[in-house]
Amino acid sequence: MNKYERNIGFNDYFSPAQWFDPKETLESKVKRAKEQLDLHVRDTVAWHFSPETGTPFWLEKAKSYQFNPIKDVQCFEDLHLFGTFEDEWLRGGPVDRWVPRGLIGNPVYVFETGGTTGLPKSRIVLDDFRIDYEMMSETLPDQHFPKGSNWLMLGPSGPRRLRLAIEHLAQHRGGKCFSIDLDPRWVVKLIKMRQIEMANLYKEHAIDQALAILAGGHDIKCMFTTPKLLAALDEALRSGKLEDKFRSFGRKVPLGGLRSIKATGITGIFSGGTEFTPQFTREAYEEMLDSGDVYMTPTYGNTLMGLACSRPIGPHDGFKITYYAPQPRAATEVVDPKDYSKKVDYGQTGRVLLTTLTREFFVPRFPERDEGEREMPYERYPWDGVSGVRTFSELAATTVVGVY
Amino acid sequence: MIRIPSLRLGKPYESLSKTTLVHHVTGEPVAEVSQVTGSQIIRDISQMANARRELASIPMKELIARVKEAAKIFLEDTLECGNTSQNFEDYIRTLSSTTGSPMVFCRRNAAKVGYVMGNIDEILAGLTRGMDLAILDKGHSKQDGRTLCFYPTTDALGAILPSNSPGVHSLWVPAIALKIPLVIKPGREEPWTPYRLLMAMKKAKIPSSALNFLPTDHGGAADILRGCQRSLLFGDSATTDPYKSDHRVEIHGPGYSKVLLGSDTSAQFDNYLDLLVESVAANGGRSCINASAIYTHSHGKELAEALGKRLARIQARSWDNAEAEVSAFANPDVADRISGMIDGLLATPGAEDVCQRIRGTPRVYKEGRCAWLLPSVILCDSPEHPLANKEFLFPYVSVIQCPQEEMLARIGPSLVVSAFTGDPEFTQQLLDSRLVERLNIGPISTVRLSWDQPHEGNLFTHLYRQRAFAEASL
């Protein structure tokens, strides 16, 4: 039993290392992964719908079902019985309706998404962010993310899971995390008001905080950031702003200067955001990260799912970014936008349908705001992936994304 | 398929992100254009101080000779165009194919750009009012016994360019001769002219690092305007309004150019019909120097009828027809939207599309996947009518009868005003007006420009500032 099981009877931590054996064939891994997923579907549904451990929201919902979730849902495909999850259900309180009875009494975090207009969507979390990031930690190469090293969290703060998750990742790997203040809701407001200059000033303010941390002698080696902030940090470094910061703190600028991300001592970057295009990735690799000397791993995630890791990126693959959900805790499907029951063929474009299956949170078949291409299973992630993730074209005109 | 790279510090860069340009008639893909990101743009702009130093090290005399050589190359040579090469005719054909602008317009406008480069000394003399250009080699000099000293306001000129007419490129090409590198964002459908111009400059030994061709999205355009200390921005009001109070950005928005017929000429409007037609419809009516309003002291209705009759003869013709007079819209929805807007505003009483009535057919003409907008002459009963001061991408003009004494209070800001008058008092009032960028007194078309006089901003004063200077020997 791992430290998060809390004596609840089913496993909720799945080490990615179980797929690392190069001797096992992909076919065998795919079969094993599907069996694991189906078992986890049964465990999760039984947990959320049993009167002893179940989640008030789902127990109430079940009263209107023409099926018995515990009996009739035996495999992943059976989840279609739930229809699709509506994220509107997450707006407003009481959030207690999302806390499974089996977990009552434990400390609960509330994380929010969006929130620039109206009621934000809320999600309760106990340990999921820790589990997700510990699983992800197993996939990070130690030579670029050295154990014990300190992290810079150059991303959103506030009621977001990401902020705590990165701090936990740093601690889990034996380091400490230094953070900035960044309110993306304010940035969205500025953009909607067409206050572009002010939005740029706010970005500079965020970068200035990061420079102060980098100049503070904290021996930062790892960083989380977003594509936009990575580019902004690179711009600031190239224009000598970190060197200026060193001087303003009375510190000596090291020989060779501090005009690149590599020169700051950062060796590994964990980055996230849907605006990760192959072109941006190539630019980052070639022009910001010294042709891969600084390692970057893009991820795709959100408060509902956790995070999906990508295959290693680089020129060998045309900088294509293919994400794989942390199955079986979450699974993504690429489906026909007009019929969510139909997966598109490999290589074809469809909408991303997300399912989250954890002890804390059950989200069956949620249509994400993104689209992408369906990808084949891969040695280390022997299940379907999704590449080319971008805002779903029907929503693109009305959605403000990637503001930080 | 032609693959056009971006040019970063003059070096071709093929991006993983591309836009596809299609033939406006067939819809077939013609070219893929490599797109760069805003952060790449900012990174390249950070190199412009070095690029400017390299360019500035070339003596003016030599630089002018190289720009003149580039003009010749632009007009005559076969030049690399991504994965292929193009002679001048190939260039004209592809330019027309993606913009919908007839080949005859493309050729005429390209010749204008070639003329500006080929006569760059005359153009610079106009911009600097005859200053000895050698001053820019050293930064200061004496001329007519007076000390003159200028310093550059920027390390690069950014230019956010349109797709509607290649003639606009004549406005930024002098920057190179003024020793200022270029950071160009081409219009989406018109990468052809800027790319060919830069390739011609490269062949004429202009330093590559000064030649940046950076196709990008709106965010990237904003990064050019943010990163360059001086820029030119072409676009409609929605694009240009956020930069109205940014002195670093010279805005080239709608022109609202006009013809005024005074009390001494309005009764003889017939004598000026050719000039009015030219002012409204030359170059397909797409330029900011095309007249979009005619104010006449009298005979408004008669003038509108006569002009409507002349303009109603204009027909939609194919892009490769030498008689073509109006451009096609590569995206037919745009033509529908413009026409719909005009019809909506015609619902306000007091205006009529005289030209449409005379022609007897709607202003939108469609054939295959193309659409054209045929001329509109809107007779308005008052300068307050919402169609009295509008400008569109086709031969559109409003005709307003208005007493001469009230005209200057009514016309609003105007890029070009051609006032057909011999009245000294009216002439003086026009000369005193702060509303007019270029003023023509007498029977002169609004589209006739004199190259030795800048008509919309002055590139030299945009790129250089004068300062007081003194020097003493140690």
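Letters A, B, ... mirror the listed sequences (proteins, then strands); counts begin at 1. All of these numbers come straight from a predicted model, not from anything done at the bench. When reading the values below, keep in mind they use all heavy atoms of this one structure, side chains included, and skip hydrogens, waters and symmetry mates.
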**Asked** Under 4.5 Å, heavy atom to heavy atom, which residues of residues 308-322 of chain A contact chain B?
**Response** A:G318, A:F319
**Prompt:** Would you call A:M288 and B:S39 a side-chain contact if the rule is heavy atoms closer than 4.5 Å?
**Reply:** yes
**Message:** Per the side-chain hydrogen bond (donor to acceptor under 3.5 Å, both in side chains) rule, what does the pair list look like for residues 215-228 of chain B, sequence neighbours excluded?
**Reply:** A:E235-B:R226, B:D223-B:R226
**chain A contact via B:Y243 - side chain, backbone, both or neither, heavy atoms under 4.5 Å** = neither
**CZ-OG distance between A:R282 and B:S15, expressed to the nearest 0.5 angstrom** = 6.5 Å
**Request:** Please name all residues satisfying ring-ring contact (aromatic ring centres under 6.0 Å, His included) with B:Y256, sequence neighbours left out, ordered by chain then number.
**Result:** none
**Complete:** For B:F392, the ring-ring contact (aromatic ring centres under 6.0 Å, His included) test, sequence neighbours excluded, returns B:Y396
**Message:** Is B:E14 close to chain A through its backbone or its side chain, or both, or neither, when contacts mean heavy atoms under 4.5 Å?
**Reply:** backbone
**Prompt:** Measuring heavy-atom distances to chain B, does A:E286 have an atom under 4.5 Å in its side chain, in its backbone, in both, or in neither?
**Reply:** side chain
**Prompt:** Has A:R194 got more than 12 heavy atoms of other residues, nucleotides or ligands less than 6.0 Å from its CZ?
**Reply:** no
**Prompt:** Mind checking whether B:R43 and A:D234 have side chains closer than 4.5 Å, heavy atoms only?
**Reply:** yes
**Item:** B:Q40 backbone acceptor or donor facing A:E283 side chain under 3.5 Å
**Value:** yes
**Item:** Inter-residue atom distance A:E287.CD - B:D44.CG, 0.5 Å rounding
**Value:** 7.0 Å
